[in-house]
Each structure stands twice: as structure tokens, then as C-alpha cells.
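Reviewing the structure listed below.
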Amino acid sequence: MSTTAPERAALPSVTRVSRTRAGVELKEFFRQRESVVFTLVFPVILLLGLGAVLDYDLGSGVDFPQYFMAGVIAAGIVGASLQNMAIHIAGERSDGTLKALAGSPMPKTAYFVGKVAQVVAVTIATIVLLLVVGVLVFGIDLPTGADWLTFAWVTVLGAAACTLLGIAVSSLARNSRSASATITPIALVLEFISGVFMPFDQVPGWLQDVAAVFPVKWLAQGLRSVFLPDSLAAREPAGSWELGTVAVVLGVWCVLGLLLCVRTFRWQER
Amino acid sequence: MDPEAAISIRGLVKRYGDRAAVDGLDLDIRRGEIFALLGPNGAGKTTTVEICEGYRDRDAGEVRVLGVDPARGGRRWKAELGIVLQSGAGDSQLSVRELLSAQASYYADPRDPDEVLELVGLTEKAGARGRTLSGGQRRRLDVALGIVGRPRLLFLDEPTTGFDPEARRQFWSLIRSLRELGTTMLLTTHYLDEAEELADRVGVLAHGQLAEVAVPTAIGGRGTAPAVVSWTEDGARRTAETATPTAFVAELAARFPGEVPDLAVSRPTLEDVYLKMIGDRS
């Protein structure tokens, strides 16, 4: 009897398995009513609710919905990346999904590619939904010219930083419910002190300094540069949009988040 | 180490703090056999199995699974294994067929998902979402996910916990048909009738060591233990313990004109010897 195994066909490529995983992740997200309502619909409700109630003039002909557009999109991005990743990966870890995947020949890269595909799809869906509601209900002015480019890179960098942080903090929670109970208030507080729900210059100075450590503030500030006239840059702490600093801080958070992921990611419960 | 073995373990030690969950275990599982690992909770069954599956590291000893050290097993090695975890595969929004197709796509030469559904009796549930299945159906889905990659070695960690008796019998016939296909299986179970029904050999684990390895009918000296013969005579139930039951029954038969009334010959059950074995060591 020979000890050599019969020659087997080659394993499927990482690209092919990544495509499968992307399909799995999209179905997992869009078929779950809770995640769709929580992540996609909640920002729209915020926009409709606060946009209808709050009615103040920020000067330069900017009303609240126009100001809030940048903030609610930032909140939508944080929901699609940070909260979505933290809550769902914690759930997959506690219910054994990750352990089962780790025991299969699925390339681990493919799992993360699938997650990125999910964040991209949910982020785009959220932004499109908010823009449509903003234009149709509140008649907000869409960005023009080079502002679209800024919109794109701020969104990509912000979503990337928040996705990596979400994957990293998922390891701290015991299950999806405890992850939700931990990350949702943290995200809300960060959004409050980052000028998402009210003009940033109304946030006390020391809270502005706290907010400046975290990525949400820079994401929201970058998006304000897209939706607000440049005359309002004077109301930012530095008197300008600081787009260079936005890029650097979000970039640093991407690197930090990646290092945290590599050091802390676990495929099974402790 | 036995190079022909599907699993070969020598001197395996795994400690959690001061406690050794596995304490110098030696075991060889042959290719093509169904091996049942028995033992009370905390005896080290799951620890041993999860070390073989590559989920846990070990503190000492040598382990080879299909010729590979599980601590260094890559994708190609994992593609040869099927794993049915005690905890199951988790919640999902995907349908049963979608879950199986996704799992199949990780392997080089998977089985057809529809054939696997037929094999585990879930064809009618192919379109149902994973989370809507009953406990027994979920477990069959776990097994389906475990075998869709056409594994040469299948790990089954307490696969029938929570099954009703009919579902267990269906599951047993599924395992027998996998055996026909040449799959080696390492089964852990709390059900001794399951081990007796399915396993070619059983190993009893107690305090992190193998108390004994034997065929189910011989373990714990069952094959040679005194038999108990019982019958009815003069309207009363009579029993006798004997080392030579054949001769005894022949004698008995001579005393009666026809059938010996209510004749029964019994050996200690697997449960009797198992409880004695784990009792002796605790």
C-alpha cells in the first residue's frame, strides 16, 4: 500500500473564494432586517427628524439640513463600518461562525475581502439614500466640481479607518449584543462632540480637543468642506477645512487600526 | 508514530493553568475506521479533538493528522478534513443550499451540494434559511457542511446531542453510508449505544489518559466477563452467573421438553463496563 495520497485538484484561488465571500456578506447584511434598519434607515430617520425640527440659519445662506448633510453622512459611514463590523464580527465569533471558517480551507484573506465588499456596498447605499432624501425633501445643494473628489477620498479614508477599528474592537466584546451596547454609545458620543448633530463651534473647546484625537471629527470636517461654502471654513477651529490634516489623521488611524487588527483578531472565543 | 495511521498521537499533554486536561495520551486511528472517543465531561475529549483539528496548541507530545502536524496544517491539509464542531456552525441569513454552495467553493473537489442534501435528508429544506431549522435539522446541516468538501477524515464532536431517537437512527445510517465511501471518522459521544452501533473501536478517556482501547464488544473485559443466564422454571424467575454460557444453556435445554421458558443470556452492557472504568479512576 502506498502512503502517498492520490493527486488532488488544485484549491480554488483566493480571488474566486473572495468573490464567494463577498456574495455571502452582502446576503447576510441585506437580508437581516435589524441590520438594514439600524444601519441604512436610521441615518435617514435622523435626517428627516432633525431636518424638520431644527431650523436655524448658519449664515452664508446655509440652513440646518445643508449643514447636517455632512454630519449625517459621517454618521452613516460610521454605522456602515465601525458599528457594523464591531457588532457582526463579535456575533460571528460568539456563535461559532468564525471558528467553523477557520477550520475550513477558506483563505483568511477572502473573509476580510468579503467584509470590505459589504462595507463598500452599505456605505454607498447609505450615502445615495441620504443624498436623494436630502435633495428631494430639503433641497440641499449637491457638491460641485472638485468637491466630489474630496467627498470620495474622505469617505474612503474614513470608512477604511472605521472598518479596521470596528474589526479590532469586535474582539473586546463577548457577543453581538454586548458589542452593540458598547460601541453604539461610544459612536454616538463621538458624533456629538465631532459636530455631527450641531455646529462644531458650539461644542466646548476642551471637548473639541478630545474629539480631535478620534477619526469621526476629521471625517465630519472633511465632509463639511464638501457640503458647505468655503466662507463657513472660518467657523472651524483652525479657520480653514484643514484637508491635509484630515488626510494625515485618518491615514494614521488606518495604520493604527490595521496594527490592532493584526494583534488582536481571534477566530474563536477565548 | 504510525505513518499509515489517519491520526497518530504520542505523549500528548495539554494544561489549563495547573490542571492537565490531557496528560500523556497515546492513540492511533487507522485509515477507514470509525473510532469513538468516550469519557465523562472534563476527561479531555474535546481538547484532544480540537488539537487534532488545529484549533488548540499543545504543551507536549507529537501529533500527526493525515501525516501533518496540526499546529502547522495549511489550506491543503484542511481541505482533507471535515469538522463538525460541538457548537455547530452559527446563525445565518443564507439558505441551506447557499450555505452548502459557499462551503463547497472553498474546496478543490467538493461533493455536489444537492447530493449532500439528499444524503443528510435536508432536500426539502434546501431553500429554508439556516436560522429557521429545528435542532436536529441544524445538526444535519452541520454534518452536511462537514462532508461537502469530500474529506478523508471527519471529526464529529457529539453530533447527535439533542436528537430524538428516530433522528439518531437516521443519523447512524448516514454515518454508515459515509463509512462505505471510505471516510475515516473520529467520533466523540455521550451515548454508549451510539458508540456500540457505529464504532469499529472505542477508546475510553479518563483524567486525560486512555483507560482502554478495544472493539466495543470486548472493552472492559465484556467479551470474557461472566454471562448471566435467566429463565423461568416452576413458575419462578431463575438466574445463574456462568463463565461457560453455551454449556450451561445446553444443560438447561436438556431439562426441558421444548423451549426453555423466557430464556435470556446477557453480558455486561457497554454502559456497565464504561461506568465501572471511569468510576475506578475517579
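Protein chains get the first letters and strands the later ones, always in sequence-line order, with residue 1 at the start of each. All heavy atoms count here, side chains included; hydrogens, waters and symmetry mates do not.
Here the closest heavy-atom approach between residue Val24(A) and residue Ala102(B) is recorded as CG2-CB, 3.8 Å. Of all the heavy atoms in Ala108(B) and Ala10(A), the pair that sits closest is CB-O, 3.3 Å.
Looking at Thr20(A), the atoms closer than 4.5 Å to chain B (heavy atoms on both sides) all sit in the side chain, from C-beta outward. In this structure, the portions of Leu94(B) lying under 4.5 Å from any heavy atom of chain A include both its backbone and its side chain. In this structure, the portion of Glu50(B) lying under 4.5 Å from any heavy atom of chain A is its side chain and not its backbone. Only the side chain of Leu101(A) comes within contact range of chain B, judged by heavy atoms closer than 4.5 Å. Contact of Val17(A) with chain B is made through the side chain alone, with heavy-atom distances under 4.5 Å.
The environment of CD in Glu124(B) is sparse: at most 12 heavy-atom neighbours from other residues, nucleotides or ligands sit within 6.0 Å. Under a cut-off of 6.0 angstrom, the local environment of OH in Tyr55(B) is crowded, with over 12 non-hydrogen atoms contributed by other residues, nucleotides or ligands. Within a 6.0 Å radius of CZ in Arg31(A), more than 12 heavy atoms belonging to other residues, nucleotides or ligands are found. Few gaps surround NZ on Lys14(B); more than 12 heavy atoms of other groups in view lie less than 6.0 Å from it. Under a cut-off of 6.0 angstrom, the local environment of CZ in Arg176(B) is crowded, with over 12 non-hydrogen atoms contributed by other residues, nucleotides or ligands. For Arg266(A), the CZ atom is densely surrounded, since the number of other residues' heavy atoms within 6.0 Å is greater than 12.
When side chains are defined from C-beta on, Pro12(A) counts as touching Arg75(B), because their heavy atoms get closer than 4.5 Å.
Looking only at heavy-atom pairs under 4.5 Å with chain B, the residue among Glu28(A), Met106(A), Lys27(A) that has the most is Glu28(A). For chain A, the option among Glu53(B), Glu98(B), Gln103(B) with the highest count of heavy-atom pairs below 4.5 Å is Glu98(B). Interface remark: of the candidates Gln32(A), Lys99(A), Lys108(A), Glu92(A), Lys99(A) forms the most heavy-atom pairs closer than 4.5 Å to chain B.
In this structure, OH on Tyr106(B) lies 12.0 Å from CZ on Arg16(A), to the nearest 0.5 angstrom.
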